[in-house]
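See below for the structure under consideration.
Throughout, numbering of the chain's residues begins at 1 and tracks the sequence. This structure is a prediction, so every number in the text was calculated from the model and none was measured.
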Amino acid sequence: RKGFKMAGLFDLEFHEKKIKEYQPTLAKLDLVIDWEMFRETIEKALYVEPKGAGGGPPFDKIMMFKILILQKYYNLSDEQTEFQINDRTSFKQFLGLKIGDTIPDEKTIWHFKEQLANKDLSKSLFEMFAVALMDKGIIAKEGSIVDATFVDVPKQRNSKEDNADIKKGAVPLKFGKKDKNGKQSKLCQKDTDARWMTKSGEKHFGFKDHINADEKTKLITKYSVTSAAPHDSTEIENIVDETDDRLNADSAYRSKEIEEHLKAIECESFVHEKGYRGSPLTEQQKESNNKKSKIRARVEHIFGFMTNSMNNALYMRSIGIKRIKESIGLLNLTYNLFRFEQLIRLEKVKI
(Lines give C-alpha, C1' and ligand atoms only; values in the text may rest on other atoms or scores of the structure.)
Protein backbone atom coordinates (compact mmCIF):
# COMPACT_ATOMS: atom_id res chain seq x y z
CA ARG A 1 0.00 0.00 0.00
CA LYS A 2 1.02 3.65 -0.39
CA GLY A 3 3.72 4.75 2.07
CA PHE A 4 4.54 1.17 3.13
CA LYS A 5 8.12 -0.10 2.68
CA MET A 6 9.72 -3.37 3.70
CA ALA A 7 12.43 -2.94 6.32
CA GLY A 8 15.88 -3.08 4.82
CA LEU A 9 19.03 -4.70 6.17
CA PHE A 10 20.56 -1.42 7.35
CA ASP A 11 17.38 0.46 8.32
CA LEU A 12 17.98 0.02 12.07
CA GLU A 13 21.54 1.31 11.72
CA PHE A 14 20.32 4.35 9.76
CA HIS A 15 17.59 4.91 12.37
CA GLU A 16 20.10 4.92 15.25
CA LYS A 17 22.46 7.21 13.30
CA LYS A 18 19.65 9.70 12.66
CA ILE A 19 18.81 9.82 16.37
CA LYS A 20 22.47 10.45 17.24
CA GLU A 21 22.64 13.28 14.70
CA TYR A 22 19.54 14.84 16.26
CA GLN A 23 21.42 14.85 19.59
CA PRO A 24 18.76 14.14 22.23
CA THR A 25 19.28 15.61 25.71
CA LEU A 26 20.98 12.47 26.99
CA ALA A 27 23.36 12.38 24.02
CA LYS A 28 24.45 15.96 24.76
CA LEU A 29 25.12 14.99 28.36
CA ASP A 30 27.10 11.93 27.32
CA LEU A 31 29.47 14.07 25.27
CA VAL A 32 30.73 16.13 28.21
CA ILE A 33 30.59 13.81 31.24
CA ASP A 34 33.44 11.45 32.07
CA TRP A 35 31.35 8.69 33.64
CA GLU A 36 34.44 6.63 34.46
CA MET A 37 35.34 9.10 37.21
CA PHE A 38 32.56 7.52 39.30
CA ARG A 39 33.50 3.88 38.70
CA GLU A 40 36.06 3.24 41.44
CA THR A 41 33.90 4.79 44.17
CA ILE A 42 30.78 2.84 43.13
CA GLU A 43 32.49 -0.50 42.58
CA LYS A 44 34.49 -0.27 45.80
CA ALA A 45 31.41 0.60 47.88
CA LEU A 46 29.21 -2.07 46.32
CA TYR A 47 31.78 -4.84 46.01
CA VAL A 48 30.51 -8.26 47.02
CA GLU A 49 32.76 -11.31 47.30
CA PRO A 50 31.86 -13.82 44.54
CA LYS A 51 30.13 -16.98 45.82
CA GLY A 52 31.37 -19.51 43.32
CA ALA A 53 30.10 -20.30 39.84
CA GLY A 54 26.50 -19.89 38.75
CA GLY A 55 24.20 -17.08 37.77
CA GLY A 56 24.62 -14.49 35.05
CA PRO A 57 27.25 -11.74 35.11
CA PRO A 58 26.24 -8.60 37.04
CA PHE A 59 25.27 -5.49 35.13
CA ASP A 60 27.98 -2.87 34.70
CA LYS A 61 27.88 -0.50 37.68
CA ILE A 62 28.33 2.63 35.56
CA MET A 63 25.45 1.59 33.31
CA MET A 64 23.26 1.10 36.41
CA PHE A 65 24.35 4.51 37.72
CA LYS A 66 23.44 6.13 34.39
CA ILE A 67 20.03 4.44 34.59
CA LEU A 68 19.42 6.24 37.89
CA ILE A 69 20.48 9.56 36.33
CA LEU A 70 18.05 9.23 33.43
CA GLN A 71 15.38 7.98 35.83
CA LYS A 72 15.87 11.05 38.01
CA TYR A 73 15.97 13.46 35.06
CA TYR A 74 12.69 12.15 33.64
CA ASN A 75 11.22 11.41 37.11
CA LEU A 76 10.26 7.83 36.23
CA SER A 77 9.17 4.98 38.47
CA ASP A 78 11.23 1.78 38.37
CA GLU A 79 8.56 0.11 36.24
CA GLN A 80 8.44 3.01 33.79
CA THR A 81 12.24 3.15 33.64
CA GLU A 82 12.41 -0.49 32.55
CA PHE A 83 9.72 0.08 29.92
CA GLN A 84 11.27 3.27 28.55
CA ILE A 85 14.72 1.66 28.20
CA ASN A 86 13.10 -1.11 26.18
CA ASP A 87 11.05 1.39 24.16
CA ARG A 88 13.39 4.33 23.51
CA THR A 89 16.38 4.15 21.20
CA SER A 90 17.86 7.29 22.79
CA PHE A 91 17.81 5.62 26.23
CA LYS A 92 19.59 2.54 24.86
CA GLN A 93 22.22 4.69 23.17
CA PHE A 94 22.85 6.60 26.39
CA LEU A 95 23.36 3.32 28.25
CA GLY A 96 25.44 1.69 25.51
CA LEU A 97 22.78 -0.96 24.83
CA LYS A 98 21.56 -2.44 21.59
CA ILE A 99 18.38 -4.26 20.61
CA GLY A 100 18.66 -7.79 21.93
CA ASP A 101 20.85 -6.87 24.92
CA THR A 102 19.60 -7.87 28.36
CA ILE A 103 18.04 -4.88 30.10
CA PRO A 104 17.82 -4.53 33.91
CA ASP A 105 14.27 -5.07 35.14
CA GLU A 106 12.51 -2.87 37.70
CA LYS A 107 13.55 -5.10 40.63
CA THR A 108 17.21 -4.83 39.64
CA ILE A 109 16.92 -1.04 39.41
CA TRP A 110 15.22 -0.90 42.83
CA HIS A 111 17.90 -3.13 44.36
CA PHE A 112 20.70 -0.93 43.00
CA LYS A 113 19.08 2.16 44.53
CA GLU A 114 18.78 0.33 47.84
CA GLN A 115 22.49 -0.45 47.71
CA LEU A 116 23.29 3.23 47.15
CA ALA A 117 20.99 4.25 50.00
CA ASN A 118 22.55 1.75 52.42
CA LYS A 119 26.00 3.18 51.69
CA ASP A 120 24.85 6.83 51.50
CA LEU A 121 26.62 6.74 48.17
CA SER A 122 24.71 9.44 46.32
CA LYS A 123 26.21 12.10 48.65
CA SER A 124 29.72 10.79 48.01
CA LEU A 125 29.16 10.88 44.24
CA PHE A 126 27.66 14.38 44.47
CA GLU A 127 30.66 15.63 46.44
CA MET A 128 33.09 13.96 44.04
CA PHE A 129 31.60 15.77 41.05
CA ALA A 130 31.45 19.10 42.93
CA VAL A 131 35.14 18.80 43.88
CA ALA A 132 36.04 17.98 40.26
CA LEU A 133 34.26 21.16 39.12
CA MET A 134 36.14 23.19 41.73
CA ASP A 135 39.47 21.65 40.73
CA LYS A 136 38.81 22.70 37.12
CA GLY A 137 38.04 26.23 38.25
CA ILE A 138 34.44 25.99 37.00
CA ILE A 139 33.16 26.66 40.50
CA ALA A 140 35.22 29.60 41.74
CA LYS A 141 33.30 30.11 45.03
CA GLU A 142 33.31 33.89 44.60
CA GLY A 143 29.81 34.02 46.01
CA SER A 144 27.25 31.56 47.38
CA ILE A 145 23.46 31.45 47.61
CA VAL A 146 21.52 29.33 50.09
CA ASP A 147 17.87 28.34 50.06
CA ALA A 148 15.62 25.37 50.71
CA THR A 149 12.75 23.76 48.85
CA PHE A 150 10.07 21.29 49.83
CA VAL A 151 10.34 17.73 48.57
CA ASP A 152 6.83 16.30 48.73
CA VAL A 153 6.11 12.59 49.18
CA PRO A 154 2.83 10.59 49.11
CA LYS A 155 0.52 11.74 51.90
CA GLN A 156 -0.11 9.36 54.80
CA ARG A 157 -3.57 8.43 56.06
CA ASN A 158 -2.97 8.17 59.79
CA SER A 159 -5.18 8.57 62.83
CA LYS A 160 -4.72 11.54 65.18
CA GLU A 161 -3.16 9.19 67.74
CA ASP A 162 -0.69 7.87 65.18
CA ASN A 163 0.30 11.37 64.08
CA ALA A 164 0.78 12.42 67.71
CA ASP A 165 3.22 9.54 68.23
CA ILE A 166 5.08 10.35 65.01
CA LYS A 167 5.48 14.03 65.98
CA LYS A 168 7.11 12.88 69.22
CA GLY A 169 9.57 10.79 67.20
CA ALA A 170 7.94 7.47 68.09
CA VAL A 171 6.66 4.79 65.73
CA PRO A 172 3.03 3.78 66.47
CA LEU A 173 2.97 0.25 67.87
CA LYS A 174 0.43 -1.03 65.34
CA PHE A 175 2.77 -0.03 62.47
CA GLY A 176 5.20 -2.67 63.70
CA LYS A 177 2.71 -5.52 63.99
CA LYS A 178 3.57 -8.49 61.83
CA ASP A 179 1.15 -10.03 59.33
CA LYS A 180 0.50 -13.75 58.94
CA ASN A 181 3.71 -14.06 56.91
CA GLY A 182 5.79 -12.53 59.70
CA LYS A 183 6.39 -9.22 57.86
CA GLN A 184 5.86 -5.69 59.16
CA SER A 185 3.94 -4.83 55.99
CA LYS A 186 2.26 -1.71 57.36
CA LEU A 187 5.51 -0.18 58.62
CA CYS A 188 7.06 -0.64 55.15
CA GLN A 189 4.31 1.54 53.69
CA LYS A 190 4.35 4.26 56.36
CA ASP A 191 6.68 7.25 56.34
CA THR A 192 7.40 8.13 59.96
CA ASP A 193 10.18 10.57 59.00
CA ALA A 194 8.19 12.96 56.80
CA ARG A 195 6.42 15.94 58.37
CA TRP A 196 3.67 18.42 57.53
CA MET A 197 4.47 22.11 57.02
CA THR A 198 2.39 25.04 55.82
CA LYS A 199 4.07 27.92 53.97
CA SER A 200 2.33 30.81 52.21
CA GLY A 201 -0.97 29.00 52.64
CA GLU A 202 0.26 25.80 50.95
CA LYS A 203 0.49 22.54 52.86
CA HIS A 204 3.45 20.25 52.24
CA PHE A 205 4.12 16.73 53.50
CA GLY A 206 7.64 15.43 53.21
CA PHE A 207 11.14 16.80 53.43
CA LYS A 208 13.40 19.73 52.54
CA ASP A 209 16.40 19.99 50.26
CA HIS A 210 18.70 22.68 51.69
CA ILE A 211 21.25 23.80 49.10
CA ASN A 212 24.29 26.04 48.76
CA ALA A 213 24.76 27.11 45.14
CA ASP A 214 27.55 28.92 43.34
CA GLU A 215 26.44 32.47 42.56
CA LYS A 216 28.02 32.59 39.09
CA THR A 217 27.29 29.15 37.63
CA LYS A 218 24.19 28.12 39.63
CA LEU A 219 25.85 24.78 40.36
CA ILE A 220 25.03 23.21 43.74
CA THR A 221 28.12 22.92 45.94
CA LYS A 222 26.66 21.54 49.19
CA TYR A 223 23.32 20.29 50.45
CA SER A 224 21.60 18.76 53.45
CA VAL A 225 18.28 16.98 53.96
CA THR A 226 15.71 17.38 56.75
CA SER A 227 12.04 16.74 57.22
CA ALA A 228 9.74 19.56 56.07
CA ALA A 229 9.30 20.86 59.63
CA PRO A 230 12.60 22.64 60.55
CA HIS A 231 13.04 26.29 59.58
CA ASP A 232 15.24 26.84 56.50
CA SER A 233 17.88 28.63 58.56
CA THR A 234 18.54 25.70 60.91
CA GLU A 235 20.84 24.00 58.38
CA ILE A 236 23.05 27.00 57.67
CA GLU A 237 26.06 25.63 59.58
CA ASN A 238 25.83 22.33 57.65
CA ILE A 239 25.95 23.96 54.22
CA VAL A 240 28.01 27.13 54.75
CA ASP A 241 31.64 26.87 55.86
CA GLU A 242 35.12 28.39 55.50
CA THR A 243 35.11 27.79 51.73
CA ASP A 244 32.35 30.38 51.30
CA ASP A 245 33.55 33.98 50.87
CA ARG A 246 30.23 35.78 50.40
CA LEU A 247 26.72 34.61 51.21
CA ASN A 248 23.44 35.66 49.61
CA ALA A 249 20.16 34.60 51.21
CA ASP A 250 16.66 35.91 51.86
CA SER A 251 15.57 37.44 55.18
CA ALA A 252 14.59 34.02 56.58
CA TYR A 253 18.32 33.51 57.16
CA ARG A 254 18.78 36.79 59.02
CA SER A 255 19.53 36.31 62.72
CA LYS A 256 22.17 37.21 65.25
CA GLU A 257 23.37 33.58 65.43
CA ILE A 258 23.80 33.31 61.66
CA GLU A 259 25.62 36.63 61.41
CA GLU A 260 27.99 35.47 64.16
CA HIS A 261 28.56 32.17 62.33
CA LEU A 262 29.38 34.00 59.08
CA LYS A 263 31.76 36.32 60.92
CA ALA A 264 33.51 33.38 62.57
CA ILE A 265 34.18 31.68 59.21
CA GLU A 266 35.10 35.01 57.55
CA CYS A 267 32.20 34.90 55.12
CA GLU A 268 30.82 38.30 54.09
CA SER A 269 27.08 38.57 54.71
CA PHE A 270 24.77 39.67 51.90
CA VAL A 271 21.74 38.27 53.68
CA HIS A 272 18.58 40.35 53.24
CA GLU A 273 17.86 42.64 56.16
CA LYS A 274 14.63 42.16 58.04
CA GLY A 275 12.10 44.68 59.28
CA TYR A 276 10.43 44.35 62.67
CA ARG A 277 7.29 45.72 64.30
CA GLY A 278 8.05 49.27 65.35
CA SER A 279 11.29 49.19 63.37
CA PRO A 280 10.51 48.93 59.65
CA LEU A 281 13.18 48.85 56.98
CA THR A 282 14.62 52.19 55.96
CA GLU A 283 14.61 53.25 52.31
CA GLN A 284 18.34 52.58 52.20
CA GLN A 285 17.80 49.04 53.52
CA LYS A 286 15.02 48.43 51.00
CA GLU A 287 17.28 49.57 48.17
CA SER A 288 20.06 47.31 49.46
CA ASN A 289 17.68 44.33 49.60
CA ASN A 290 16.54 44.98 46.02
CA LYS A 291 20.14 44.82 44.81
CA LYS A 292 20.72 41.61 46.75
CA SER A 293 17.53 40.09 45.30
CA LYS A 294 18.93 40.14 41.76
CA ILE A 295 21.59 37.66 42.85
CA ARG A 296 19.61 35.68 45.42
CA ALA A 297 16.83 35.03 42.89
CA ARG A 298 19.23 32.90 40.82
CA VAL A 299 18.66 30.03 43.23
CA GLU A 300 15.02 29.91 42.09
CA HIS A 301 16.25 28.94 38.63
CA ILE A 302 17.64 25.75 40.15
CA PHE A 303 14.35 24.72 41.73
CA GLY A 304 12.54 25.78 38.57
CA PHE A 305 14.73 23.43 36.50
CA MET A 306 14.00 20.58 38.92
CA THR A 307 10.27 21.21 38.64
CA ASN A 308 9.93 21.98 34.94
CA SER A 309 12.82 20.40 33.01
CA MET A 310 12.98 17.38 35.34
CA ASN A 311 9.25 16.64 35.22
CA ASN A 312 8.32 17.66 38.78
CA ALA A 313 11.34 15.93 40.33
CA LEU A 314 10.63 17.61 43.68
CA TYR A 315 7.81 15.11 44.15
CA MET A 316 9.25 11.74 45.15
CA ARG A 317 7.81 8.29 45.69
CA SER A 318 10.39 7.16 48.24
CA ILE A 319 9.45 6.37 51.84
CA GLY A 320 11.72 7.12 54.81
CA ILE A 321 14.65 9.47 55.42
CA LYS A 322 17.32 6.98 54.25
CA ARG A 323 15.80 6.56 50.80
CA ILE A 324 14.90 10.22 50.56
CA LYS A 325 18.51 11.22 51.28
CA GLU A 326 19.64 8.91 48.48
CA SER A 327 16.99 10.29 46.14
CA ILE A 328 17.70 13.95 46.93
CA GLY A 329 21.43 13.33 46.56
CA LEU A 330 20.80 11.91 43.08
CA LEU A 331 18.47 14.82 42.31
CA ASN A 332 21.14 17.40 43.15
CA LEU A 333 23.82 15.46 41.29
CA THR A 334 21.60 15.04 38.22
CA TYR A 335 20.86 18.76 38.22
CA ASN A 336 24.59 19.53 38.39
CA LEU A 337 25.37 17.15 35.51
CA PHE A 338 22.81 18.76 33.23
CA ARG A 339 23.70 22.28 34.35
CA PHE A 340 27.36 21.56 33.60
CA GLU A 341 26.43 20.37 30.10
CA GLN A 342 24.38 23.53 29.59
CA LEU A 343 27.24 25.77 30.71
CA ILE A 344 29.61 24.04 28.25
CA ARG A 345 27.12 24.16 25.37
CA LEU A 346 26.36 27.86 25.94
CA GLU A 347 30.10 28.56 26.32
CA LYS A 348 29.58 30.02 29.79
CA VAL A 349 32.60 28.08 31.04
CA LYS A 350 35.60 26.43 29.42
CA ILE A 351 37.24 23.08 30.16
Stacked cation flag Lys123 on Tyr223, 6.0 angstrom / 45 deg: yes
Hydrophobic cluster identity match, Leu330 and Trp110, side-chain contacts under 4.5 Å: no
Residues, nucleotides or ligands: over 12 heavy atoms within 6.0 Å of Gln284 CD: no
For the student: nearest non-hydrogen atoms of His231 and Ser233, plus distance: ND1-OG, 2.8 Å
Listed partners of Phe91 passing ring pair (Phe, Tyr, Trp, His ring centres under 6.0 Å), at least two apart: Tyr74
Backbone of Ile321 reached by a side-chain donor or acceptor of Asp193 within 3.5 Å: yes
Minimum heavy-atom distance Thr102-Phe59, with the two atoms named: O-CE2, 3.6 Å
Neighbour count >12 (heavy atoms, 6.0 Å) for atom CD, Glu79: no
Residues in ring pair (Phe, Tyr, Trp, His ring centres under 6.0 Å) contact with Phe303, at least two apart in sequence or another chain: none
Plane angle bin for Phe150 and His204 - parallel if under 30°, tilted between 30 and 60°, otherwise perpendicular: parallel
Lys263 and Glu260 ion-paired at < 4.0 Å: no
Lys/Arg N to Asp/Glu carboxylate O, Glu341 vs Arg345, below 4.0 Å: yes
Exceeds 12 heavy-atom contacts within 6.0 angstrom, atom NE2 of His111: no
Exercise: identify the closest heavy-atom pair between Lys141 and Thr243: CE-O, 3.3 Å
For Thr81, side chain to side chain contact (heavy atoms under 4.5 Å, CB included) partners two or more places apart: Ile67, Leu70, Gln71, Leu76, Ile85, Ile109
Minimum-distance pair of heavy atoms, taken over all atoms of Glu82 and Glu106: OE1-N, 3.0 Å
Cationic N near anionic O, under 4.0 Å, Asp232 to Lys199: yes
Glu40, CD atom: more than 12 neighbouring heavy atoms under 6.0 Å: no
Side-chain donor or acceptor of Thr198 paired with backbone N/O of Gly201 under 3.5 Å: no
Same cluster (ILVMFWY, side-chain, under 4.5 Å), Phe65 and Val32: yes
Leu29 side chain near Trp35 side chain, heavy-atom distance below 4.5 Å: yes
Side chain to side chain donor-acceptor pair (under 3.5 Å) partner of Thr226, chosen from Lys325, Glu235, His210: His210
Connected-component partners of Ile258 among ILVMFWY, side-chain separation under 4.5 Å: Val146, Ile236, Ile239, Val240, Leu247, Tyr253, Leu262, Ile265, Val271
Asn86 side-chain N/O to Phe83 backbone N/O, donor-acceptor pair under 3.5 Å: no
Test side-chain hydrogen bond (donor to acceptor under 3.5 Å, both in side chains) applied to Lys66 - qualifying residues, sequence neighbours left out: Asp30
Under 3.5 Å: donor-acceptor pair, side chain of Asn289, backbone of Glu273: yes
Atom NZ of Lys274: over 12 foreign heavy atoms under 6.0 Å: yes
Test side chain to side chain contact (heavy atoms under 4.5 Å, CB included) applied to Asn290 - qualifying residues, sequence neighbours left out: none
Closest non-hydrogen atom pair, Ser251 against His272: N-CB, 3.5 Å
Test side-chain hydrogen bond (donor to acceptor under 3.5 Å, both in side chains) applied to Lys208 and Ser224, step by step: CA-CA 8 Å; Lys208 278 184 180 178; Ser224 65; over 6 Å; no
Residues which pass side-chain hydrogen bond (donor to acceptor under 3.5 Å, both in side chains) with Asp105, listed by chain and number, not counting sequence neighbours: Thr108
Ion pair check, Lys222 and Asp244, cut-off under 4.0 Å: yes
Neighbour count above 12 (heavy atom, 6.0 Å) for Glu287 CD: no
Mutual orientation of the aromatic rings belonging to Phe129 and Phe340 [parallel < 30°, tilted 30-60°, perpendicular > 60°]: perpendicular
Thr25 side, atom OG1; Tyr73 side, atom OH - distance, nearest 0.5 Å: 4.5 Å
NZ/Lys292: more than 12 non-hydrogen atoms of other groups inside 6.0 Å: yes
Short side-chain to backbone donor-acceptor contact, Glu259 and Lys256, under 3.5 Å: no
Heavy-atom pair of closest approach, residues Ser318 and Val153: O-CG1, 3.9 Å
Under 3.5 Å: donor-acceptor pair, side chain of Thr221, backbone of Asn212: yes
Close side-chain approach of Val225 to Val151, heavy-atom, < 4.5 Å: no
Donor-acceptor contact below 3.5 Å, side chain Arg298 vs main chain Lys218: no
Any donor-acceptor N/O pair, Arg246 side chain to Ser144 backbone, under 3.5 Å: no
Residues in side chain to side chain contact (heavy atoms under 4.5 Å, CB included) contact with Ala297, at least two apart in sequence or another chain: none
For Glu36, side-chain hydrogen bond (donor to acceptor under 3.5 Å, both in side chains) partners two or more places apart: Arg39
Which residues share a side-chain hydrogen bond (donor to acceptor under 3.5 Å, both in side chains) with Lys203, sequence neighbours left out: none
Selection residues 329-340 - residue pairs positive for side-chain hydrogen bond (donor to acceptor under 3.5 Å, both in side chains), sequence neighbours left out: Asp209-Asn332, Arg339-Gln342
All ring pair (Phe, Tyr, Trp, His ring centres under 6.0 Å) counterparts of Phe270, not counting sequence neighbours: none
